[in-house]
J.: 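Sharing a structure with you now.
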Amino acid sequence: MAANGSSTGNKSSGSTGGKPTGPSAEQVVSTFQRMRQEQRSMASKAAELEMDITEHSLVIETLKEVDPSRKCFRLVGGVLVERTVKEVLPALENNKEQISKIIETISTQMQTKGRELTEYRERYNIRLVGEGEGEGQGQSATNSRDSEGGGSKSGAGVLVS
């Protein structure tokens with residue numbers, strides 16, 4: 001990743017073989033962290049929508065036991081509107097189905113983002129702080145504690161905290 005002391009110019013050769021020398025270590029780290037943040041935000045949104053489904057289920061179960069002609073109130077676009085149970089119940093069930101579909105979509109996007117992250121890590125030899133060296137996917141707490149202060153075995157990787 002570091003340039004040789006004797007070369008002061010940019011290395012921009014047209015060769016496509018070998019590892020790409022394009023992005024600097026800082027660019028690789030920032031891109032990796034951005035990708036991780038995108039995945040985290042997707043997971044956060046999925047968790048939020050799961051909570052919405054739980055709330056919808058609770059309200060649906062409660063309204064099923066109530067007289068359909070009874071009035072109820074529903075928040076629509078920040079405005080509280082008065083409706084009857086028979087009007088609100090189908091809308092709630094439809095909303096719940098739509099939220100479930102969105103969660104499925106987000107899950108597939110998270111899986112895709114996870115694969116992209118893995119490929120990016122492998123392409124640029126990115127290691128996370130606390131990740132065992134040479135251990136592959138085994139990330140136990142003892143391995144992370146043991147390898148925390150242990151420098152780099154090979155100088156060709158990027159260490160991300």
Side-chain angles (χ1 to χ4, degrees), residues 1 16 19-149 152 156-161:
M1 299 271 177
T16 58
K19 292 186 178 181
T21 59
S24 67
E26 292 81 18
Q27 291 170 328
V28 169
V29 169
S30 66
T31 301
F32 180 71
Q33 289 176 339
R34 179 185 49 79
M35 292 171 72
R36 284 177 64 191
Q37 183 57 39
E38 288 172 4
Q39 189 181 34
R40 281 190 208 111
S41 66
M42 282 185 225
S44 174
K45 187 64 177 177
E48 179 185 333
L49 292 174
E50 288 286 348
M51 294 287 288
D52 285 350
I53 283 185
T54 303
E55 291 175 12
H56 275 69
S57 298
L58 181 63
V59 172
I60 288 169
E61 291 304 313
T62 303
L63 289 179
K64 282 183 177 178
E65 300 170 4
V66 176
D67 179 29
S69 62
R70 183 174 173 179
K71 70 178 177 180
C72 67
F73 295 89
R74 181 174 181 216
L75 194 63
V76 178
V79 178
L80 196 60
V81 294
E82 182 179 337
R83 299 278 188 247
T84 61
V85 171
K86 71 179 178 182
E87 293 172 335
V88 171
L89 197 55
L92 283 173
E93 290 171 340
N94 185 35
N95 283 354
K96 183 180 171 187
E97 290 174 17
Q98 295 299 320
I99 292 171
S100 295
K101 290 178 184 176
I102 291 170
I103 289 174
E104 290 175 16
T105 302
I106 290 175
S107 293
T108 57
Q109 289 175 348
M110 281 185 355
Q111 290 172 351
T112 302
K113 184 61 74 175
R115 285 191 293 271
E116 289 174 12
L117 272 168
T118 303
E119 292 170 6
Y120 196 80
R121 283 182 68 185
E122 291 172 357
R123 183 181 322 137
Y124 292 104
N125 192 23
I126 296 173
R127 292 173 290 134
L128 299 175
V129 171
E131 189 176 74
E133 289 185 15
E135 302 269 324
Q137 299 296 328
Q139 298 177 351
S140 66
T142 57
N143 285 345
S144 65
R145 284 191 197 106
D146 290 345
S147 66
E148 232 174 54
S152 60
V158 177
L159 185 62
V160 179
S161 60

J.: In Å, rounded to the nearest 0.5 Å, how long is the span from CD of Glu48 to CD1 of Ile99?
T.: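 Those atoms lie 9.5 Å apart.
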J.: First locate atom OG of Ser41, then atom NZ of Lys113, and finally report the distance between them rounded to the nearest 0.5 Å.
T.: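 Between atom OG of Ser41 and atom NZ of Lys113 there are 9.0 Å.
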J.: Counting C-beta onward and ignoring hydrogens, is there a side-chain heavy-atom pair between Lys45 and Ile106 closer than 4.5 Å?
T.: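 Of all side-chain heavy-atom pairs linking Ile106 with Lys45, at least one is under 4.5 Å.
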J.: Could you tell me the separation between the CG atom of Leu49 and the OG1 atom of Thr54, rounded to the nearest 0.5 Å?
T.: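 So the gap between those two atoms works out to 11.0 Å.
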J.: Is any side-chain heavy atom of Leu117 closer than 4.5 Å to a side-chain heavy atom of Glu122?
T.: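 No; the side chains remain at least 4.5 Å from each other.
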J.: Roughly how far apart are Glu93 CD and Gln98 CD, rounded to 0.5 Å?
T.: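 Interatomic distance, Glu93 CD to Gln98 CD, rounded to 0.5 Å: 13.0 Å.
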J.: Taking C-beta and beyond as the side chain, do Val28 and Tyr120 meet within less than 4.5 Å on heavy atoms?
T.: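 Yes; the side chains approach each other to less than 4.5 Å.
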J.: Below 4.5 Å, heavy atoms only, C-beta onward: do Glu50 and Ile103 meet side chain to side chain?
T.: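 A side-chain contact under 4.5 Å exists here.
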J.: Report the C-alpha distance between Ser57 and Lys96 in whole Å, list the side-chain angles of each, state the deciding distance to 0.1 Å, and finish with yes or no for side chain to side chain donor-acceptor pair (under 3.5 Å).
T.: CA-CA 8 Å; Ser57 298; Lys96 183 180 171 187; 2.9 Å; yes
J.: Distance check, rounded to the nearest 0.5 Å: Thr31 atom OG1 versus Glu26 atom CD?
T.: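 One gets 11.0 Å once the value is rounded to the nearest 0.5 Å.
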J.: Applying side chain to side chain contact (heavy atoms under 4.5 Å, CB included) to Arg121 and Phe32, what does each step give before you reach the verdict?
T.: CA-CA 8 Å; Arg121 283 182 68 185; Phe32 180 71; 3.2 Å; yes
J.: Output the distance between atom CD (Gln109) and atom CD1 (Ile102), rounded to the nearest 0.5 Å.
T.: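 Gln109 CD to Ile102 CD1: 10.5 Å, rounded to 0.5 Å.
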J.: Between Val88 and Cys72, does a side chain to side chain contact (heavy atoms under 4.5 Å, CB included) hold up when you go through it step by step?
T.: CA-CA 8 Å; Val88 171; Cys72 67; 3.4 Å; yes
J.: Between Ile53 and Ser100, does a side chain to side chain contact (heavy atoms under 4.5 Å, CB included) hold up when you go through it step by step?
T.: CA-CA 7 Å; Ile53 283 185; Ser100 295; 3.3 Å; yes
J.: Thinking salt bridges, do Arg115 and Glu119 make one under a 4.0 Å N-O criterion?
T.: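 No.
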J.: For a side chain to side chain contact (heavy atoms under 4.5 Å, CB included) check, start with the C-alpha distance between Glu61 and Glu65, then their side-chain angles and the critical distance, and finish with the verdict.
T.: CA-CA 7 Å; Glu61 291 304 313; Glu65 300 170 4; 5.5 Å; no
J.: Are any side-chain N or O atoms of Gln27 and backbone N or O atoms of Ser24, one a donor and one an acceptor, separated by less than 3.5 Å?
T.: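 A pair under 3.5 Å: yes.
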J.: Kindly indicate, with the supporting measurements, whether the criterion salt bridge (charged side-chain N to carboxylate O under 4.0 Å, His left out) is fulfilled by Glu104 and Lys101.
T.: CA-CA 5 Å; Glu104 290 175 16; Lys101 290 178 184 176; over 6 Å; no
J.: Report yes or no: does Ser44 contribute a side-chain atom to a donor-acceptor pair with the main-chain N or O of Arg40 at less than 3.5 Å?
T.: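 Checking the backbone N and O of Arg40 against the side chain of Ser44, no donor-acceptor pair under 3.5 Å is found.
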